[in-house]
Amino acid sequence: INFTGTSTSLNVFTVAGSAIGNANEINISAPAGSAVVINVTGSAVQFQNGAVQEAGVTASDVLWNFPSSTAVQLVGSMDPMGSILAPFSTVIGGYGAMTGQLIAGNVTATTSFTDVQYACTLPVPSPAQ
């Protein structure tokens with residue numbers, strides 16, 4: 001999966017959760033210091049074996065947003081390399097690693113966490129009219 005952003009401020013992408021589970025490599029490329037938000041659809045998502053590579057941005061610039069997911073699994077060697085926002089999810093972690101911050105409904109994990117603070121400021125959405 002390739003996410004390529006060109007904005008120096010905010011780059012937003014949407015991907016199906018099933019695509020993440022099937023990916024061996026995820027490439028995130030955007031200008032240094034820009035925010036990357038990856039909205040993941042579906043009720044269940046699995047980060048398995050493989051790698052996340054970043055160019056320009058780092059884990060402090062990437063936010064994985066799971067607005068409708070109820071289950072996120074970190075079961076293999078694929079480190080998402082960014083913060084995870086999954087407030088309605090149970091996150092189950094295996095013996096892999098996660099670099100970023102985790103906001104979840106529940107967590108059961110043996111995952112090694114490297115706390116990297118999300119460094120970007122996101123715009124506040126305007127209310128629906």
For this session: Treating Ile, Leu, Val, Met, Phe, Trp and Tyr as nodes and any side-chain heavy-atom pair under 4.5 angstrom as an edge, say whether Y118 and M98 lie in one connected cluster.
Result: no
Seminar exercise, completed: Quick note, ring-ring contact (aromatic ring centres under 6.0 Å, His included) partners involving residues 20-43, not counting sequence neighbours, are none
Seminar exercise, completed: Smallest heavy-atom separation, C120 atom then G33 atom, equals SG-O, 4.2 Å
For this session: Specify whether F3 and F13 have parallel, tilted or perpendicular ring planes, treating 30° as the upper limit for parallel and 60° as the lower limit for perpendicular.
Result: tilted
For this session: Would you list the pairs meeting ring-ring contact (aromatic ring centres under 6.0 Å, His included) in which at least one residue belongs to residues 23-46, sequence neighbours left out?
Result: none
Exercise. According to a 4.5 Å side-chain heavy-atom criterion applied to Ile, Leu, Val, Met, Phe, Trp and Tyr, with indirect links allowed, do V40 and L63 form part of one hydrophobic cluster?
Worked result: no
Exercise. Measuring from I92:CD1 to T110:OG1, what's the distance to the nearest 0.5 Å?
Worked result: 11.0 Å
Exercise. Taking a hydrophobic cluster as the set of Ile, Leu, Val, Met, Phe, Trp and Tyr residues connected by side-chain heavy atoms closer than 4.5 Å, whether directly or through intermediates, do V72 and V37 fall within one such cluster?
Worked result: no
For this session: With sequence neighbours excluded, tell me which residues meet side chain to side chain donor-acceptor pair (under 3.5 Å) with N2.
Result: N27
Exercise. If two hydrophobic side chains count as joined below 4.5 Å and joins carry through other members, does I1 share a cluster with V36?
Worked result: yes
When the side chains of residues 80-91 are checked against the rest of the protein, which donor-acceptor pairs come out under 3.5 Å, sequence neighbours left out?
| unit_1 | atom_1 | unit_2 | atom_2 | d |
| --- | --- | --- | --- | --- |
| S83 | OG | Q101 | N | 3.0 |
| S89 | OG | S69 | O | 2.6 |
| S89 | OG | S69 | OG | 3.4 |

Taking distance alone, no hydrogens or angles, what donor-acceptor pairs closer than 3.5 Å link side-chain atoms of residues 44-55 to residues at least two apart or in another chain?
| unit_1 | atom_1 | unit_2 | atom_2 | d |
| --- | --- | --- | --- | --- |
| Q46 | NE2 | Q73 | OE1 | 2.5 |
| Q48 | NE2 | G21 | O | 2.5 |
| N49 | OD1 | S77 | N | 3.2 |
| E54 | OE1 | A59 | N | 3.1 |

Exercise. Is there a chain of hydrophobic side chains (I, L, V, M, F, W, Y, each step under 4.5 Å between heavy atoms) that links I28 to V15?
Worked result: yes
Problem set entry | Pairs involving residues 28-42, ordered by first then second residue, that meet side chain to side chain donor-acceptor pair (under 3.5 Å) (sequence neighbours left out) | N11-S34, N39-N65
Problem set entry | From F66 atom CZ to I38 atom CD1, the distance as rounded to the nearest 0.5 Å | 8.5 Å
For this session: Give a yes or no answer on whether the side chain of T111 reaches the backbone of F113 with a donor-acceptor pair at less than 3.5 Å.
Result: no
